[in-house]
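Heavy-atom basis, side chains included; hydrogens, waters and symmetry copies ignored. Atoms within each ligand, like the ligands themselves, are counted from 1 in listed order.
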Amino acid sequence: MASAYVITAPEIPTLPVEGTDARFPVHRIYCVGRNFADHAIEMGHDPSREPPFFFQKNPDNLVLASGAGATIPYPARSSDVHYEIEMVVALKAGGENIPLDQALDCVYGYGVGIDLTRRDLQGEAKKLGRPWEVGKAFEQSAPASALVPAETIGHPAQGRVWLSVNGAVKQDGDLNQMIWKVPEMISELSTLFRLQPGDLIFAGTPAGVGPLKSGDVLEGGVDGVATLKVTIG
Ligand code: MN
């Protein structure tokens, strides 16, 4: 007989699977930093000298933003919250030291998400050599679409990655511009962490990130994968 928990804990976060009643349980959220050269350059870095890298958000930072979309409040303690549109990779299997040629076998499917960033708090952390959680891993910082199985769409290696604010396109890149392709990010990540079924990877954002204000309507997507919509309350 299972032991009882001593407190009532929140349920584990999940994302829906497009076109079904099934849900994908989320274990961890990894994010790739500076995976598009033009975004690295706009942030003041030289992508030829510094490879991409990883940080994490919390699974319960997810907000479902498919279909009619989600409305979220302007994030606390910041006056410079930025959008970053990204493809989301969902894993059905994991492990450590996964070879490049086996990495795509770990992928359940794909979606799209926004890596919301409190840029002012992140900038302060960078300057002081502090961790990034306050800039990246805050409440509702990870709006995301439903997931689409790779069985349905395959493994997209190209396709427009775009985001508009109030109808004006701000980010307009392509998956084929990613410095680390999906197999490389999985293989590399698996040398640092034991990947598990249920892990998500936010794959990095193209150039054009910028600030939000209350009332803004964000729409974005990855062509051939999914779209999402977020209104800032
Ligand atoms: Mn990002």
Side-chain angles (χ1 to χ4, degrees), residues 15 26 28-47 50-63 65 72 75 78 80-91 110-126 130-145 156 159-165 169-182 184-186 188-189 192-193 199-212 216 218-222 225-228 230 232:
L15 287 175
V26 178
R28 290 184 185 167
I29 302 178
Y30 298 101
C31 302
V32 185
R34 297 177 208 145
N35 200 26
F36 286 70
D38 54 359
H39 172 63
I41 291 164
E42 77 179 343
M43 299 304 292
H45 299 272
D46 178 353
E50 291 179 68
F53 57 90
F54 300 105
F55 59 90
Q56 284 175 255
K57 288 178 180 271
N58 301 298
D60 67 353
N61 299 152
L62 286 167
V63 183
I72 64 172
S78 178
D80 192 25
V81 175
H82 280 206
Y83 49 80
E84 297 187 359
I85 190 78
E86 313 203 356
M87 184 165 78
V88 177
V89 184
L91 302 188
Y110 298 89
V112 62
I114 303 177
D115 169 16
L116 285 176
T117 302
R118 294 193 283 210
R119 196 70 79 200
D120 42 2
L121 300 188
Q122 185 201 27
E124 198 175 307
K126 284 179 184 172
R130 290 179 180 164
W132 279 16
E133 282 87 352
V134 296
K136 289 290 193 177
F138 53 92
E139 309 318 318
Q140 299 180 290
S141 62
S145 71
R160 188 173 174 235
V161 184
W162 61 276
L163 179 134
S164 68
V165 180
V169 174
K170 302 288 189 181
Q171 294 190 268
D172 198 354
D174 195 288
L175 293 176
N176 66 17
Q177 297 166 331
M178 293 195 299
I179 296 169
W180 281 346
K181 312 302 182 193
V182 174
E184 291 167 315
M185 63 182 77
I186 291 170
E188 179 72 18
L189 193 54
L192 293 163
F193 301 96
D199 288 344
L200 299 181
I201 305 170
F202 277 56
T205 198
V209 303
L212 296 173
D216 280 349
L218 315 181
E219 291 177 275
V222 178
V225 178
T227 60
L228 51 58
V230 175
I232 308 299

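- In summary, Glu84 and Lys136 engage in a salt bridge, as defined by a charged side-chain N under 4.0 Å from a carboxylate O.
- Atoms NE2 and CD, from His82 and Gln122 in turn, are 9.5 Å apart once rounded to the nearest 0.5 Å.
- Scored by the salt bridge (Lys or Arg N to Asp or Glu O under 4.0 Å) test, Lys57 finds Asp115 as partners (sequence neighbours excluded).
- Of all protein N, O or S atoms, those under 2.8 Å from the Mn ion (ligand 1) number 3.
- For Thr227, there are no side chain to side chain donor-acceptor pair (under 3.5 Å) partners at least two apart in sequence or on another chain.
- Checked against salt bridge (Lys or Arg N to Asp or Glu O under 4.0 Å), Arg130 has no partners two or more places apart in sequence or in another chain.
- Under the 30°/60° scheme for interplanar angles, the aromatic rings of Trp132 and Phe53 are found to stand perpendicular.
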